[in-house]
Chemist: 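For reference, the structure I am asking about is given below.
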Amino acid sequence: MSDARKPFPFREFEPQWQQRWESEKTFRTPGPGDENFDPTKPKFYVLDMFPYPSGAGLHVGHPEGYTATDIVGRYKRMTGHNVLHPMGYDSFGLPAEQYAIKTGQHPAITTAANIETFRRQLKSLGFAYDWDREIATTDPEYVRWTQWIFLQIYNSYFCEETNKAQPVSKLEAKGWNRDQIDEVRLAFVADTPVWWSPDLGTVLANEEVEEWKSKGHTVERRPLRQWMLRITKYSQRLIDELDTLDWPEGIKLLQKNWIGRSEGASVKFQISNFKFQIEVFTTRPDTLFGATYMVLAPEHPFVPQITTADQKAAVEAYQKACSSKSDMDRGDLNKDKSGVFTGAFAINPVNGEQLPIWIADYVMMGYGTGAIMAVPAHDERDHEFALRFSLSIKQVVQPNDNSDWQGYTAYGTAVNSGFLDGLPTAEAKAKMIDWLEEKSIGQRRIQFKLRDWLFSRQRYWGEPFPIIWKDGKHHAISESELPLLAPPLDDYKPSGTPEPILTKATDWVHLPDGSLRETNTMPQWAGSCWYYLRYCDPKNTGRFLSREAENYWTSDKPGMVDLYVGGTEHAVLHLLYARFWHKVLFDLGHLTTPEPFQKLVNQGLILGEDGQKMSKSRGNVVNPDDVVSEYGADALRLYEMFMGPLEQVKPWQMKGVEGVSRFLARVWRVAFEEQDGQWNLSTKIQDVPCTDKTLLRIVHETIKKVGEDIEKLSFNTAISQMMICTNAFTQAEVVPLKEFTQLLIVLNPFAPHVTEEIHARVAAVSNRQVSLLSESSWPTYDPEALVRNEIELVVQVNGKLRDRFMISKDADEEAAKAAAFASSKVTEHLEGKTIRKIVFIPGKIFNIVAN
RNA sequence: GGCGGCUUGGCGGAAUUGGUAGACGCGCUCGACUCAAAAUCGAGUUCUAACGAGUGUGGGUUCGAGUCCCACAGCCGCUACCA
C-alpha cells in the first residue's frame, strides 16, 4: 500500500502504544500482598483457553475469543473492577516431541521458540494481559505444582459416605493396610486394554485415536499396565453440579451424555453346569422374561472357562479377530453383526429357561459388566443379531399404539411376563427389581458411560510421575524433590515397544537404593487442568496458589472464573478433566469453590472466504500477521468482533476488514485533517458544551448501548452503534471535545491503539495533560439526553402498515386517532368496511381492525 | 442412527418482551471533488413497471408472527453397537 492510501499511521503508533503499556505495566493486576492492591475493589476474572504453541503460529481463530475477553476485561476495568485477564501456553505435547524426533532438537528449544512467536503475535494485537502472570505448563516451577496436585490425587480416595475425596491417611488411621489403600486411591495402576501406537511410541486416549490415525499413524489395542485417575467416582457430581453453571445448554448436554448415566438393574444368571454366575446390566429389567440368549464381550474373563471343546476353535478365532479390530472397523461393521456361540448356557432366573451364551463384539467389555441379557424382541441390536443367527424372539412388551412389537423398544405394557403381565413398563421395571432384590439375584443399579481416565503416556515431552517403585509397589516421592524433571535424552525415537521412552535414561531411572523411577509421563491435559488457578498467584514458590489469592479471585458463585471463552472442541475433555481436578482439590480443602468456570462461552469457528473450514490444503487460511501489517491490530480486532455474533460460525471476508478499517479512519478524521501529509487537529473539534440535541442523544445512546452490548457479549451490534455515532460526528459542524472523548472511551476496549493515539494527539495540541484512555472510567449516560420528544407512530389497517407520521411522544389514543384518520392512505383502506376494534400501543402502533 | 446448532437482500449480519423486517457494514449504481484516477464526501440500493409479495416449506394461535405452537425439508457440528 502506498503512503498516500494509508488511512492513518497505525504502523507507527500501534507498536508505540504496545511498548508504553508494557513499560508502564498499565495492565498489571495487583493481587493480595502486591503493591497497590485494593481489596475493596470487586474482582473480575476473565479467561481465555490458552493456546498450544504450535510451530504454525497464531491462527485467526485465536484472536476471536481473545479479543472478546480483552474487550470485556478492559470494559470491566473501566467500570471499577480489578480484572484478572491472563495468558499462557499449554506447551507440553506430542507435536513438539515429533518435531524433536525429526530434527534432533530438544523439545524445550522448539517450544521456547514457538512461545516466543506466540508472545510476539499476541503482543502485536494489543491485548491487555498482565504479562507478569504469564505461565507455560512446561516451566519447571509449573511442573512442580502439577506434580504436587497429582500427589494430592494419589494420596486420596473417594469416601462414599461423604461423597468426597479424602486423604488416604484417614484409612491408615482406620487400620487399612497398604494393599487395601492402593485399591482405592484416586490415582491407581491397572492393567487395561489401551490404544497403543507403535510409531508414536505411546498409548493414546480414546478420543485421541482418530486424530493420530488420520495423520497416518498406526494404533492398536493391547492390554498394558497404566496409571488411571478415578474420575468415575465423580460421575454423579459432575452431572449434578452442571446445573449450577452458566454454560450453554448444548455443552452441558454434551457432558451429561458423555458421562452417560442410566438407571437399571444388575441381574445374576446362573451358568448351567458351572458353579458361578454371570452378571449383566440392563436398563430394561421389565423385559427379563423376553431374554432368549446372553452375550459376553469377546474379552470377557469367563469366556475361556465356559467355552465347550467343540466351540473352542471358533471362539478363539473370533476373539483374535476382534482384538485387532479398531473402533473404526467395529463402526464400519456396525450393520453387520457378528458373533460365535460358546456352547454354554445360562439359566433365566424368572422362568428357568436355558439361554445360549454367545460372544459378540457389539458387547463392550468396558461398559456395564461386559455381558448382556439379549431381548431381541425389544432391543434393536439384539433383534438384528437374533435375525442374523436365527435365535428365538419372544414378545414381552405390548406397544400402546399400533406399532409392530418386533423390535419395539419404547415403553408399553408387559405381556408374557408372569407376575408383570398388564403392568406399564415403568411399574414393571420397579416390580422386577424388587423381585430380584428379594431373591438376591439382582439389584437396582446406576451405570455410567464415563470410564476412568487413562492418565499415563510413554512420551518424553510431559510431566514425569513423581513416583518411584520399590519391591513392586509404587511410592510418592517427597514434595521436596519436586519438580521432578525428565532427564535430557539424545534420542526420542519410539522403540516400537510400549516401554516408556524415559526407560532409556537408565541413570535417572535407577536410584541408589535399588528403587526405580516411574517412567510414564502425564498427558497434556494435566497442565491445562489447573492453569487458571496458577494465574492467580503465578510466582508462588511455597504453594500452588496462596489461600489469600484463592480467596480473593474466587467468587461467591460455584464457579471461580467469571467468564471463560474458548472453542467448543473442549466441551468434554478439558472441561471435564478440569472440573474433576477442581473438585478433588475442593474436597481436600485446597479450594473454596466446587467448580472452576462459572460462565462459559464458545466462540464460533471462523471459516475461510470460501465458506469452508480453513486449511492449508484448501489454501484459504488467513494469517493474522498479514492482516495486522496491512490494516493494523485495531482493524483486525474490530473486524473479528464485527463479523457476527461471537458464538456463531462465520466466514472471513477481507472486504469486511477494509470496511472496519475505513470506519477507524473516519473516527481519526473526525479529529484530524490532512494537510501536506500532516495530520492537523480539525477546527471542528472544540472544547464547548454540546448544543446539538440530536448529536448529544446519539452519543448517550451509544454509551448506553455499547455498555449493555459488551455485557451481553454482543460486540457486533456495539460496533454498529459506534459507527452510527461516528457518522453523526462526521456530519456535525462542531465536534464537542467532551462528547467525542466519550466516544473514544467506549471505543477504546475494541480499538485501544487508535483511540489512545487520537486522545493523546488532541491533548498535545491543546497543551493538556491527560491520562491514558485505558485508565479512564466508563462514561455514564444521561437518561435526559436519551429522550426524544417526537416519535414515529405507525398506522396499520388489519395489521398492515399504511402510514406513519411524527407525533408527540406522549400523544394519547385520541390524538393518534385524529392523526390516523386524517390520512388518506389510511382511510382508503377503510372504505366500505366497519371498524371492529382499535389497538393502540403508545409510541409504537395504531392498528385499525376492520372488515 | 442419536443429540445439538443453523436457515432473513447480491454478501456478513440487525430486529428488547410478538408491534415499522432488512439497523450497521460489504458490494453495486449515481453524483461531488479531480485533467484523470485513487482516496474522500453525498444520494440511492429486498423483489416487482405496477398492484402487490416477502424472513427455508406447509399449517396453526393472534388485531398483529422473523419472533410463539405443530409438521416437514436442507445445511453444519458432535457422537456413535453404552445394553
Side-chain angles (χ1 to χ4, degrees), chain A residues 2 4-7 207 248-251 253-254 256-258 260-262 264 280-284 287 295 297 327-328 330-331 333-335 337 360-364 366-375 379-382 384-385 409 447-451 568-569 571-572 602 604-605 607 611 613 639 642-645 647-660 662-663 665-666 669 674 708 712 714 716-724 727 730-731 792-804 836-841 843-851:
Chain A
S2 73
R5 284 187 58 200
K6 262 189 212 167
E207 46 278 356
E249 285 306 316
I251 300 292
L253 204 64
L254 228 47
K256 282 184 190 170
N257 291 342
W258 185 266
R261 181 184 198 272
S262 35
V280 306
F281 172 72
T282 177
T283 53
R284 293 294 299 272
T287 62
V295 188
D327 266 353
M328 205 179 185
R330 279 196 177 189
L333 297 173
N334 195 349
K335 285 154 212 114
K337 290 268 183 305
D361 66 357
Y362 82 92
V363 174
M364 246 62 45
Y367 181 75
T369 61
I372 61 160
M373 63 177 212
V375 183
D379 180 281
E380 256 177 69
R381 297 147 302 179
D382 298 345
E384 232 174 275
F385 191 84
T409 59
Q447 182 67 44
F448 296 94
K449 275 201 276 188
L450 187 69
R451 320 279 167 89
T568 182
E569 67 273 18
V572 283
N602 290 122
L605 198 65
L607 304 174
K613 224 176 191 167
Y639 172 64
F642 189 57
M643 290 175 84
E647 301 190 55
Q648 194 169 300
V649 178
K650 42 209 178 290
W652 186 274
Q653 295 189 126
M654 213 44 106
K655 280 283 182 195
V657 185
E658 278 179 40
V660 292
R662 263 201 293 263
F663 159 64
R666 282 165 73 91
R669 286 196 308 270
E674 196 188 2
E708 289 170 353
K712 289 190 293 186
S714 179
N716 55 333
T717 52
I719 294 166
S720 297
Q721 182 62 37
M722 292 188 284
M723 286 173 167
I724 291 169
N727 292 343
T730 300
Q731 290 178 341
E792 197 177 48
L793 185 75
V794 167
V795 183
Q796 297 178 329
V797 176
N798 292 332
K800 283 197 165 58
L801 173 75
R802 293 305 177 191
D803 202 1
R804 55 179 94 177
R836 302 288 174 195
K837 188 174 171 183
I838 283 177
V839 181
F840 176 62
I841 311 291
K844 281 186 178 159
I845 293 282
F846 187 87
N847 188 15
I848 303 161
V849 184
N851 61 9

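Being a predicted model, the structure only gives us computed values, none of them experimental. Naming: A, B, ... by sequence-line order, numbering from 1 per chain.
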Chemist: Which value, in whole Å, describes the distance between the C1' atoms of nucleotides B:A53 and B:G27?
Modeler: 25 Å
Chemist: Using atom P of each nucleotide, how far apart are B:C6 and B:U67 to the nearest Å?
Modeler: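 To the nearest whole Å, 14 Å.
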Chemist: CG of A:N798 versus C1' of B:G19: gap in Å, rounded?
Modeler: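 For the pair A:N798 CG and B:G19 C1', the rounded distance is 15 Å.
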Chemist: Scan A:V794 against the nucleic acid and name what it touches under 4.0 Å (heavy atoms): base, sugar-phosphate only, or nothing.
Modeler: base
Chemist: For RNA chain B, whose closest nucleotide is more 5', that of A:Y367 or that of A:R802?
Modeler: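 Checking each residue's closest nucleotide, the 5'-ward one belongs to A:R802.
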Chemist: On RNA chain B, nearest-nucleotide positions of A:V849 versus A:F448: which is more 5'?
Modeler: A:V849
Chemist: Among residues at least two apart in sequence or on other chains, which ones pass side-chain contact (heavy atoms from CB on, under 4.5 Å) with A:S714?
Modeler: A:D709, A:K712, A:N716, A:T717
Chemist: Do A:K613 and A:L605 make a side-chain contact, defined as non-hydrogen atoms from C-beta onward lying under 4.5 Å apart?
Modeler: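 The answer is yes, as the side chains (C-beta and beyond) meet within the 4.5 Å cut-off.
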Chemist: Considering only heavy atoms from C-beta outward, does the side chain of A:Q796 approach that of A:V794 to under 4.5 Å?
Modeler: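 A:Q796 reaches A:V794 side chain to side chain.
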Chemist: Which pairs, protein N/O on one side and nucleotides 22-25 of chain B N/O on the other, fall under 3.5 Å?
Modeler:
{"residue": "B:A23", "atom": "N1", "partner": "A:S720", "partner atom": "OG", "Å": "3.4"}
{"residue": "B:G25", "atom": "OP1", "partner": "A:N727", "partner atom": "ND2", "Å": "3.2"}

Chemist: So A:Q648, base contact, sugar-phosphate only, or nothing? Heavy-atom distance under 4.0 Å.
Modeler: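 A:Q648: backbone/sugar contact only, no base atoms under 4.0 Å.
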Chemist: Who passes side-chain contact (heavy atoms from CB on, under 4.5 Å) against A:Q653, sequence neighbours left out?
Modeler: A:E609, A:Y639
Chemist: With a 4.5 Å heavy-atom cut-off, do A:I251 and A:N602 have their side chains touching?
Modeler: yes
Chemist: Please classify the nucleic acid contact of A:V375 as base, sugar-phosphate, or nothing, using heavy-atom distances under 4.0 Å.
Modeler: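 Touches nothing.
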Chemist: For atom C1', what is the distance between B:G1 and B:A80, given to the nearest Å?
Modeler: 8 Å
Chemist: Can you sort out the partners of A:E708 under side-chain contact (heavy atoms from CB on, under 4.5 Å), two or more places apart, ordered by chain and number?
Modeler: A:K704
Chemist: Please report the distance separating the P of B:G56 from the corresponding atom of B:C51, rounded so that it comes out in whole Å.
Modeler: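 Taking atom P in both B:G56 and B:C51, they lie 25 Å apart.
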Chemist: Report the distance from atom CZ of A:R669 to atom C1' of B:U40, rounded to the nearest whole Å.
Modeler: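 These atoms are roughly 6 Å apart.
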Chemist: Would you state whether a donor and an acceptor, one from the side chain of A:K844 and one from the base of B:U17, lie under 3.5 Å apart?
Modeler: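 Pair found.
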Chemist: Phosphate oxygens OP1/OP2 of B:G42: is one of them under 4.0 Å from a side-chain N or O of A:Q731?
Modeler: yes
Chemist: Please classify B:G9 as syn or anti, treating any glycosidic angle within 90° of 0 as syn.
Modeler: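 B:G9: syn glycosidic orientation.
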Chemist: Write down the distance between NZ (A:K337) and C1' (B:A83), rounded to a whole number of angstrom.
Modeler: 11 Å
Chemist: Taking the same atom, C1', in B:G54 and in B:A21, what whole-Å distance lies between them?
Modeler: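 Their C1' atoms lie roughly 9 Å apart.
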Chemist: Whole Å only: how far is the CD atom of A:E249 from the P atom of B:C78?
Modeler: 21 Å
Chemist: Given side chains that start at C-beta, do those of A:R666 and A:N727 come closer than 4.5 Å, heavy atoms only?
Modeler: yes
Chemist: Output the single nucleotide from B:A21, B:G12, B:C81 whose closest atom is nearest the side chain of A:Y362.
Modeler: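 For A:Y362, the side-chain atoms sit closest to B:C81.
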Chemist: The test is side-chain contact (heavy atoms from CB on, under 4.5 Å); show your working for A:V849 and A:N798 and say whether it passes.
Modeler: CA-CA 5 Å; A:V849 184; A:N798 292 332; 3.8 Å; yes
Chemist: Given atom CD of A:E380 and atom C1' of B:G2, what is their separation to the nearest angstrom?
Modeler: 10 Å
Chemist: From B:A83, B:C3, B:C81, pick the nucleotide closest to the side chain of A:N257?
Modeler: B:C3
Chemist: Is there side-chain contact between A:I845 and A:V839, with heavy atoms separated by less than 4.5 Å?
Modeler: no
Chemist: Please report the distance separating the C1' of B:A65 from the corresponding atom of B:G18, rounded so that it comes out in whole Å.
Modeler: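 These two C1' atoms come out 6 Å apart once rounded.
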Chemist: Of the nucleotides B:A83, B:C81, B:G19, which one has an atom closest to the side chain of A:I845?
Modeler: B:G19
Chemist: A:L253 near the nucleic acid: base, sugar-phosphate alone, or nothing, with a heavy-atom cut-off under 4.0 Å?
Modeler: sugar-phosphate
Chemist: Between B:C28 atom P and A:E658 atom CD, what is the distance in whole Å?
Modeler: 11 Å
Chemist: Rounded off to whole Å, could you give me the CG-to-P distance for the A:L254 and B:C3 pair?
Modeler: 13 Å
Chemist: Name the nucleic acid region contacted by A:T568, choosing base, sugar-phosphate or nothing; use a 4.0 angstrom heavy-atom cut-off, strictly under.
Modeler: nothing
Chemist: Can you tell me which stems involve RNA chain B, if a stem is defined as three or more consecutive Watson-Crick or G-U wobble pairs, both distances under 3.5 Å?
Modeler: B:1-7 with B:73-79, B:10-12 with B:24-26, B:27-32 with B:40-45, B:56-60 with B:68-72
Chemist: Across the strands shown, which category fits A:K650 at heavy-atom distances under 4.0 angstrom: base, sugar-phosphate, nothing?
Modeler: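 Answer is sugar-phosphate: A:K650 comes under 4.0 Å of backbone atoms only.
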Chemist: If you only use heavy atoms from C-beta on, which nucleotide in B:U79, B:G13, B:A83 is closest to the side chain of A:P645?
Modeler: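 Of B:U79, B:G13, B:A83, B:G13 is nearest to the side chain of A:P645.
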Chemist: How about A:F846 and A:I841: do any of their side-chain heavy atoms sit closer than 4.5 Å?
Modeler: no
Chemist: If we take the P atom in both B:U46 and B:C24, what is their distance in whole Å?
Modeler: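 Straight-line distance between the two P atoms is 12 Å.
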Chemist: Taking everything shown except A:E380 itself, do over 12 heavy atoms lie less than 6.0 Å from its CD?
Modeler: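 It does not: A:E380 CD has 12 such atoms or fewer within range.
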Chemist: What's the gap between B:C75 and B:G31 when it is taken at their P atoms, as a whole Å value?
Modeler: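 These two P atoms come out 44 Å apart once rounded.
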Chemist: Round to a whole Å and report the spacing from CH2 of A:W652 to P of B:G13.
Modeler: 14 Å
Chemist: Mind checking side-chain contact (heavy atoms from CB on, under 4.5 Å) for A:R451 and listing every partner two or more places apart, or none if nothing turns up?
Modeler: A:Y367
Chemist: Using a 4.0 Å heavy-atom cut-off, does A:E792 contact any base of the nucleic acid, only the sugar-phosphate backbone, or nothing at all?
Modeler: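 Result for A:E792 = base.
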